[in-house]
Every structure is written in structure tokens, then in C-alpha cells.
Amino acid sequence: EDLDKGLEKTKTGFFDNISRVIAGKDSVDEEVLDELENVLITSDVGLDTTVKIIESIESRVARDKYVGTSELHQILRDEIVGLLAENNNKDYDDYVLPPVPGNGPAIILVVGVNGVGKTTTIGKLAHQYKQKGHKVVLGAADTFRAAAVAQLEIWANRVGCDFYSKGMYTDPAAVAFETTKYAIDNGMDVAIIDTAGRLHTKFNLMKELSKIKRSVTKALPSAPHQVLLVLDATTGQNAIEQAKAFTEATDVTALALTKLDGTAKGGVAIGITDTFKVPIRYIGVGEGIEHLQIFNKRAFVNSLFG
Ligand code: GDP
């Protein structure tokens with residue numbers, strides 16, 4: 001239900017536009033495909049992915065000679081499920097911890113630029129893990145931003161989980177190392193470590209992230225067990241640019257797409273996972289502590305097409 005509500009704007013934009021494209025038309029022709037291409041691009045599906053979808057429908061039209069417009073919704077649904085399935089082949093329908101080889105806590109590094117909803121997503125995720133009975137610590141390794149450490153602590157208090165910080169302007173890699181140690185020493189099930197979202201240059205980003213990653217690995221050789229990139233769905237093409245920068249800078253293993261409730265451009269989910277071959281794990285559908293959902297490709301497509 002939250003998902004339907006969260007995707008309402010995308011759904012209305014997407015569905016209504018496609019209905020407009022095929023209104024008064026019996027068969028899928030050149031003109032329908034051109035207009036469909038526009039709809040997909042305006043929904044921020046992304047150029048490459050849009051072309052892929054259009055070409056696939058084109059070859060189907062070429063093969064079958066006639067494709068009725070009444071079939072277009074179903075065809076698109078199948079195409080999108082197919083694209084999502086390639087990179088989201090595993091459907092987690094619960095807030096499971098990333099697998100940890102051997103013993104010890106799961107270590108999750110959270111990356112992304114400022115303002116995308118990184119802190120909120122960490123708080124929501126911590127809440128879900130806590131609800132499952134896991135022992136959670138949040139590590140404040142975004143030490144550059146005045147509000148970041150304080151905000152994270154507020155979330156830790158709200159959730160009722162542990163919090164590790166060395167204050168502001170301290171070495172983020174040291175905080176990441178010590179949070180991991182803290183998690184081991186205190187029998188935590190999971191440490192969620194916030195990192196600085198400074199995207200000044202790609203080289204610096206890469207240097208910073210690899211330093212943090214190395215220090216976590218030093219504290220626990222199998223860590224990190226997940227590198228979660230948080231992206232803001234309302235920023236469309238910017239989200240795609242950020243995904244490019246971060247996937248080049250480090251091994252991103254999962255995506256969280258926030259603010260889907262605030263945009264008609266939820267199509268960005270399809271383009272990003274297709275382009276960067278990283279699974280979407282979570283979607284944010286509101287500001288509240290409960291407004292984080294596990295991404296499920298079938299539920300997502302069902303919500304899109306109503
Ligand atoms: P950070 O700078 O990346 O840590 O961003 P914050 O976590 O502070 O979030 C920035 C703003 O986005 C805040 O006002 C959040 O309440 C809001 N926000 C985060 N996630 C969502 C979401 O899924 N939906 C909506 N509507 N707002 C969100």
C-alpha cells in the first residue's frame with residue numbers, strides 16, 4: 001500500500017502518458033514507438049535503456065507484423081520486469097543482513113552525496129534491523145559536515161541503537177575502523193557506517209572511499225559486506241551521474257533509491273540498475289521511519305502499471 005502511494009506520481013505520469021500515446025491507435029507503428037520513446041526518456045529511464053526497450057519492441061513488431069496497442073502495456077511490463085530481473089535476480093522480501101563469511105558483525109558502508117537522504121535511509125534501515133531483533137551500531141564517519149554527526153546521533157537515539165563517533169573533523173577512516181572494532185567487541189549484529197558525500201573530484205572520492213574501505217577490512221578481513229549507494233530519485237539524470245561516479249570510485253554492491261514518493265520520474269530505477277548492473281535493495285517512499293521498503297521488482301512493476 002505504501003509502495004502504491006509512493007509510486008503514485010510515477011505511475012500517473014507513466015501510465016497516463018502511455019495511454020495518451022496509444023489513444024485512437026490500433027497498432028504499434030513508427031509514430032507510437034517514437035512517442036513511447038519520449039515518454040520513457042521523460043520518465044528518466046535513461047537513454048541507453050530506453051533505446052534497448054524500444055529496439056526490443058521494434059523487433060517484435062517486425063517479427064509479428066502486427067502488434068495491437070492494447071498489448072503495449074503488457075509488452076512494456078514484460079520488458080521492464082526483464083530488465084530489472086537481470087540485475088535484481090534475487091528478491092529479498094525481508095530486511096536480511098548481508099551475509100558474513102565466518103563470524104562477526106555485518107559491516108555496511110553507506111555512500112552517496114549530501115542531501116540524497118543518506119542519514120534518513122541509515123536511520124530507517126537501523127530501525128528495520130532493530131525490529132528484527134538485531135543489535136545495531138551506527139558509525140559517524142561523515143566527519144566533514146556540521147550536522148551529519150549530530151543528525152546520525154538523533155537517529156540512533158530515535159531507533160534505540162548504539163552510536164559510535166569521534167566527533168567532527170576527525171579521520172573518517174579511523175571512525176570506520178573503530179566502529180567495526182566496536183561492533184566486534186560489543187557483539188553487534190550489524191554496523192552501518194555513514195561516509196562523507198563529497199563529490200569534489202572523482203580522484204579524491206576514490207581515495208577517500210578506498211581508505212575507509214581498507215580500514216574496515218583491517219578491522220575485519222571479510223568486511224565491508226555491503227556498500228550501499230544512496231541516490232535521490234527526484235534528481236533524475238543527476239542520480240545517474242552520481243551512480244556513474246560512485247560505481248567507478250568503489251565497488252558498490254547495492255542501491256537505495258530515495259524520495260520515490262516525491263517524483264514522477266521513478267523510471268530512473270529501471271535505467272540505473274540496467275546501466276550500472278547493481279541491484280536496487282531499498283526504496284524510500286516517505287520521510288517517516290517506516291518509509292523504507294525492500295525493492296521487489298514484481299511489486300514495483302505492478303505498482304507502475306496499476
Ligand atoms: P543526507 O544529507 O543525504 O544525509 O540527507 P538526509 O537524510 O538529511 O535527508 C534530506 C531530506 O530528504 C530530509 O528532509 C529527509 O526527510 C528527506 N528524505 C529522505 N528520504 C526520503 C524519502 O524517501 N521520501 C521523502 N519524501 N523524503 C525523504
Side-chain angles (χ1 to χ4, degrees), residues 1-13 44 95 108-129 136 138-159 161 163-165 168 172 175-176 179 192-200 205 208-209 212 227-236 238-239 241-243 245-246 249-250 252 254-269 272 280-296 299-300 303-304:
E1 198 198 321
D2 271 351
L3 180 64
D4 285 338
K5 229 183 276 159
L7 281 171
E8 213 164 74
K9 289 186 184 162
T10 297
K11 181 189 157 173
T12 312
D44 268 326
Y95 288 88
I108 301 174
L109 287 183
V110 184
V111 303
V113 307
N114 298 336
V116 294
K118 201 153 44 86
T119 315
T120 308
T121 302
I122 292 171
K124 289 169 174 176
L125 187 58
H127 171 69
Q128 298 296 347
Y129 283 145
V136 185
L138 303 186
D142 180 354
T143 57
F144 295 100
R145 243 190 329 165
V149 176
Q151 279 300 322
L152 199 68
E153 186 166 20
I154 290 171
W155 271 104
N157 289 334
R158 189 177 298 163
V159 169
C161 69
F163 175 70
Y164 191 88
S165 160
M168 274 183 44
V175 177
T179 303
I192 310 175
I193 301 172
D194 189 17
T195 65
R198 303 186 305 168
L199 232 187
H200 36 329
L205 180 71
E208 269 177 29
L209 290 178
I212 290 177
V227 178
L228 182 67
L229 170 62
V230 182
L231 298 169
D232 177 345
T234 64
T235 64
N238 273 344
E241 286 305 312
Q242 289 162 22
F246 278 90
T250 190
V252 175
L255 301 174
L257 207 55
T258 63
K259 311 185 197 178
L260 270 171
D261 53 304
T263 180
K265 298 184 171 226
V268 76
I272 286 178
I280 304 169
R281 275 300 297 279
Y282 307 109
I283 53 177
V285 294
E287 293 189 276
I289 197 166
E290 304 282 350
H291 291 141
L292 184 74
Q293 296 198 347
I294 307 278
F295 180 78
N296 176 295
F300 182 79
S303 289
L304 273 189

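Note that this is a predicted model, so its numbers are computed, not measured. Indexing begins at 1, ligand by ligand and atom by atom, following the structure's order.
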Visitor: Using 30° and 60° as the class limits, which term best fits the ring planes of Tyr95 and Tyr282: parallel, tilted or perpendicular?
Guide: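 Tyr95 vs Tyr282 ring planes: parallel.
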Visitor: Counting only pairs under 3.5 Å, give me each side-chain donor-acceptor contact of residues 283-292, with atom names and distances, residues two or more places apart or in other chains.
Guide:
unit_1 : atom_1 : unit_2 : atom_2 : d
Glu290 : OE2    : His127 : NE2    : 3.3
His291 : ND1    : Gly288 : N      : 3.0

Visitor: What protein heavy atom is closest to atom 22 (C) of ligand 1, reported as residue, atom name and distance in Å?
Guide: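 For this ligand atom, the closest protein heavy atom is Gly286 O, 3.1 Å.
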Visitor: For Ser303 and Leu7, which heavy atoms make the closest approach, and how far apart are they?
Guide: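 So the two residues come closest at CB-CD1, 3.6 Å.
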Visitor: If you measure from atom 10 (C) of ligand 1 to every heavy atom of Gly112, Gly115, Ala233, which option wins on shortest distance?
Guide: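 Among Gly112, Gly115, Ala233, the closest heavy atom to atom 10 (C) of ligand 1 belongs to Gly115.
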Visitor: Go through ligand 1 atom by atom and flag the ones less than 4.0 Å from a non-hydrogen atom of Gly284.
Guide: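 Counting from 1, the qualifying ligand atoms are 23 (O).
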Visitor: Decide side chain to side chain contact (heavy atoms under 4.5 Å, CB included) for Val136 and Val159; before the verdict, give the C-alpha distance in whole Å, the side-chain angles of both, and the deciding distance to 0.1 Å.
Guide: CA-CA 9 Å; Val136 185; Val159 169; 5.9 Å; no
Visitor: With a 3.5 Å distance limit and no angle check, can you tell me whether Thr179 reaches the backbone of Gly139 through a side-chain donor-acceptor pair?
Guide: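 Not a single qualifying donor-acceptor pair exists.
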Visitor: Nearest protein heavy atom to atom 20 (N) of ligand 1, by residue and atom, and its distance?
Guide: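 Heavy-atom neighbour on the protein nearest atom 20 (N) of ligand 1: Lys124 NZ, 3.9 Å.
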Visitor: Please confirm whether Leu260 comes within less than 3.5 Å of ligand 1 when only nitrogen or oxygen atoms on both sides are compared.
Guide: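 No; every N/O pair is 3.5 Å or more apart.
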Visitor: Under the side chain to side chain contact (heavy atoms under 4.5 Å, CB included) rule, what do Asp142 and Asn114 come out as? Steps first, then yes or no, please.
Guide: CA-CA 10 Å; Asp142 180 354; Asn114 298 336; 4.2 Å; yes
Visitor: Check whether any side-chain N or O of Lys124 sits under 3.5 Å from a backbone N or O of Gln293 as a donor-acceptor pair, and report yes or no.
Guide: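 It does not hold such a pair.
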Visitor: Take Tyr129 and Ile108 through the side chain to side chain contact (heavy atoms under 4.5 Å, CB included) test and state the conclusion after the steps.
Guide: CA-CA 12 Å; Tyr129 283 145; Ile108 301 174; 3.9 Å; yes
Visitor: For atom 28 (C) of ligand 1, grab the closest protein heavy atom and report residue, atom and distance to one decimal in Å.
Guide: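 The protein heavy atom lying closest is Lys259 CG, 3.6 Å.
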Visitor: Just which atoms of ligand 1 are under 4.0 Å from any heavy atom in Arg145?
Guide: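 In order of numbering, the contacting atoms are 2 (O), 4 (O).
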Visitor: When you look for heavy atoms under 4.0 Å from ligand 1, do you find them on the side chain of Val285, its backbone, both, or neither?
Guide: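 Under 4.0 Å from ligand 1, Val285 contributes backbone atoms alone.
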Visitor: Counting heavy atoms only, name the option from Asp142, Thr263, Thr120 that's nearest to atom 6 (P) of ligand 1.
Guide: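 Result: the heavy atom closest to atom 6 (P) of ligand 1 is in Thr120.
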Visitor: Does ligand 1 have a heavy atom under 4.0 Å from the side chain of Gln293, from its backbone, from both, or from neither?
Guide: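 Looking at Gln293 and ligand 1, no heavy atom falls under 4.0 Å.
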Visitor: Starting from atom 4 (O) of ligand 1, what is the nearest protein heavy atom, named by residue and atom, and what distance separates them?
Guide: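 Nearest neighbour among protein heavy atoms for atom 4 (O) of ligand 1, to 0.1 Å: Thr119 OG1, 2.5 Å.
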Visitor: Rounded at 0.5 Å granularity, tell me how far CG in Asn157 sits from CG in Leu152.
Guide: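 So the gap between those two atoms works out to 10.0 Å.
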Visitor: List the closest protein heavy-atom neighbour of atom 13 (C) of ligand 1: residue, atom name, distance to the nearest 0.1 Å.
Guide: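 For atom 13 (C) of ligand 1, the nearest protein heavy atom is Glu287 OE2, 4.1 Å.
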Visitor: Residue-level breakdown please: for Asp261 versus ligand 1, do any non-hydrogen atoms fall below 4.0 Å on the side chain, on the backbone, on both, or on neither?
Guide: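 It is the side chain that touches ligand 1; the backbone stays farther off.
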Visitor: Go through ligand 1 atom by atom and flag the ones less than 4.0 Å from a non-hydrogen atom of Lys118.
Guide: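 In order of number, 1 (P), 3 (O), 4 (O), 5 (O), 7 (O).
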